[in-house]
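Just so it is clear: chains get the letters A, B, ... in the order the sequence lines come, proteins before strands, and each one is counted from 1.
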Amino acid sequence: MSQVRVRFAPSPTGFFHIGSARTALFNWLYARHTGGTFILRIEDTDKERNSEEFLNVIYGSLNWLGMNWDEGPKIGGAFGPYRQSERGHIYAEYLEKLKAAGRTYEKDGAIWFKLLGDRHEVFDEHRKKTVTKVKVAASVIDDQIRGRVERVEDEDFVIVRSDGNPVFHFVNVVDDIAMQITHVIRGADHLPNTSKHVELFKAFGVPMPTFAHIPLILKENGPGKMSKRDQGALIEEYQKRGFLPEALMNFLCLLGWNPGDDREKMPIVDVIRLFDLPGVNQSDARFDAKKLAHMNMTYLLELPAEGFVARAKEFFQKQPTGAAALADENYFREVMLLAQPKIKGFEELPAYTGYFFTEDFSIDAKVREKVMGKGEPKVRLAELIELIKTADLSSDAGIEEALKTLAASKGLGFGDYQSVARLAVSGTNVGPSITGMFRVLGRERVLARLGRLVAG
RNA sequence: GUCCCCAUCGUCUAGCCCGGUUAGGACACCACCCUUUCACGGUGGGCACCGGGGUUCGAAUCCCCGUGGGGACGCCA
């Protein structure tokens, strides 16, 4: 049995797209599942649109998501180079084979691939021009996901541009042959191209790889496939927003594939064990930001405390308010642990914990109006101040006990103190437990804030 | 317009291949419970087999036709 060799072949012409990430993922999963080789090949034949910046985005995103390649740029391999811009000599060699076989001709300075069959001219209404059709048998694609697909490729096509640069269809097939690719796993948008590729494989007289065209990811709202301009389309964005890569990966796995039972959250090693091409769905999947957010939350919730703090620190280091938040490492840690069970993603952290790190936090006007307009808030605050002055703030349980005792002594409930205390120390009515906030903020900050609200 | 692909709750999907299920799960939504806020969690609820024809005792499941959605029709990839 031959070793599986798959490739992910992005072109560095734009930011790394979520659809590309999933194509990479399915290739990577298949390689890992079969013990095969995952190859990264850069398709940079379009000199106009390539950029080094985008190349680094590809490397960075794959690394962030944890998809390591076995052969490719930076690490090399037996079939290199892995950037098409460096493989000119190989394409020249293969072009000679096609020329020798009489399968090419020149027209308008470009080199065309010649199909075999009777020719006739036809006016194409859609393209508003006369084209030469060739009578050929349908190309048969035996697809691991779609089954047998037939398509008639009935027009010659350019394989080398007039500027001498080879075209995608040609280099893609040549490299798949030269790199001994066994399985071509790519987006379904390539299905109509595949007949061209089939004809090229046949012209080279080599066996065809196995094809697997995976469904596309559709826009969350509106028609069409996810495009680079859509909200949530770029991998870099998730990285910036502090999503956990393992959560994104898990979510991506489930877009078009499932383990066959009701499991959704599952470690990648389980996905690797269960993943197979025939298990991939045929229909396109719509992107769902809320489901991703939920997945991220479930991963966040089960992160060990130190892991959560470490990742939160990484996240804050990239935020404008990061320096202030990280000034006291131990304090930062305590605040983060208060927030961990409450948030869906790191991106909520700056707003959710901001008041811990500055005395200059904003007070929600509506909440203030509501809380201060009811009962005797200033009396409650004064009582709280007296309590906090001497209370033991070292444990949540102790603080809770003290608060309850105070409330009971005045014939009131915990809630009568909570809302006003919350407003004073955080400026809002949502957040971690009030006892946790008191404990972490400490006597000095709490007293100052309670006092300010009384005065204000 | 031509060609190709697809079609189960609003969304991701199980079931389809090998016809017989109260059509299952998850996200979202609603209600209730838990609760010192907000979340988490728990319980319950509403929500789907695109339409029409076949085949069959019986169709989400097999076939055909519609319709709808998606993709491709570049000297882009």
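Side-chain atoms of A/T435 and A/E400 form no donor-acceptor pair, as typed in the model, at a separation below 3.5 Å. A side-chain donor-acceptor contact under 3.5 Å links A/D392 and A/S394. In summary, the side chains of A/N296 and A/Y238 do not present any donor paired with an acceptor at a separation below 3.5 Å, with no hydrogens or angles considered. Neither side chain, A/T45 nor A/R161, offers a donor N or O lying under 3.5 Å from an acceptor on the other.
B/rU2 has no base stacking with the ring of A/H126 when judged by centroids under 5.5 angstrom apart and an interplanar angle below 30°.
Between B/rC5 and B/rG51, the distance separating the two P atoms is 23 Å to the nearest Å. Remark: the separation of the C1' atoms in B/rU56 and B/rC62 is 10 Å, to the nearest Å. Taking atom C1' in both B/rG25 and B/rA14, the straight-line distance is 7 Å, to the nearest Å. For the C1' atom pair drawn from B/rG52 and B/rC9, the interatomic distance equals 23 Å after rounding to whole Å. B/rA77 and B/rC12 have their C1' atoms separated by 29 Å, given to the nearest Å. B/rU11 and B/rG69: their P atoms are spaced 13 Å apart (whole Å). Using atom P as the reference point in both B/rC63 and B/rG20, the two lie 15 Å apart (nearest Å). The gap from the C1' atom of B/rG45 to that of B/rU61 amounts to 29 Å, rounded to the nearest Å.
For B/rA72, the OP1/OP2 oxygens have a side-chain nitrogen or oxygen of A/K225 closer than 4.0 Å. Side-chain nitrogen and oxygen atoms of A/R127 include at least one within less than 4.0 Å of the OP1 or OP2 phosphate oxygen of B/rG74. Taking only side-chain nitrogens and oxygens, A/R161 comes nearer than 4.0 Å to OP1 or OP2 of B/rA77. At the phosphate of B/rC6, OP1 or OP2 sits under 4.0 Å from a side-chain N or O atom of A/Q282.
Taking a pair to require two hydrogen-bonding distances under 3.5 Å in either a Watson-Crick or a G-U wobble arrangement, B/rG41 pairs with B/rC33. Pair check for B/rA48 finds none; no Watson-Crick or G-U wobble contact set falls under 3.5 Å. Using N1 to N3 plus N6-O4 or O6-N4 for Watson-Crick, or N1-O2 and O6-N3 for G-U wobble, each under 3.5 Å, B/rC17 pairs with nothing. Pair assignment for B/rC73: B/rG1, on the basis of Watson-Crick or G-U wobble contacts that are both within less than 3.5 Å.
Between the side chain of A/K291 and the base of B/rA26, at least one donor-acceptor pair of N or O atoms lies under 3.5 Å. Looking at A/R422, its side chain comes within 3.5 Å of the base of B/rU37 through a donor and an acceptor atom. No hydrogens or angles were tested; on distance alone, a donor-acceptor pair under 3.5 Å links the side chain of A/K342 to the base of B/rU37. For a distance-only test at 3.5 Å, the side chain of A/N193 qualifies as a donor-acceptor partner of the base of B/rA77.
Computed from coordinates, the A/K107 NZ to B/rG74 P distance equals 12 Å when rounded to whole Å. When the C1' atom of B/rG74 is taken as reference, atom CD1 of A/I159 falls 16 Å away, rounded to whole Å.
You'll find that the side chain of A/Y352 is closest to B/rC38, out of B/rU13, B/rG71, B/rC38. The listed nucleotides are B/rC40, B/rC12, B/rA77; the one nearest the side chain of A/T45 is B/rA77.
In this structure, A/E155 reaches neither bases nor backbone, as no heavy-atom distance under 4.0 Å exists between it and the strands shown. Among the heavy atoms of the strands lying under 4.0 Å from A/S11 are primed sugar atoms or P, OP1, OP2 only; no base atom is included. Within the 4.0 angstrom heavy-atom criterion, no nucleotide atom of any strand lies near A/S419. Residue A/H169 is classed as a base contact, given a heavy-atom separation below 4.0 Å to a base. In this structure, A/P432 reaches the bases: a heavy-atom distance under 4.0 Å links it to at least one base atom across the strands shown. If you check every strand for non-hydrogen atoms under 4.0 Å, A/N281 touches sugar and phosphate atoms only.
In this entry the base of B/rC40 is syn relative to its sugar, with a glycosidic angle within 90° of 0.
Using a 30° and 60° split on the angle between ring planes, A/F54 and A/F15 fall in the perpendicular class, above 60°.
For A/H183 and A/F26, the distance between ring centers is not under 6.0 angstrom.
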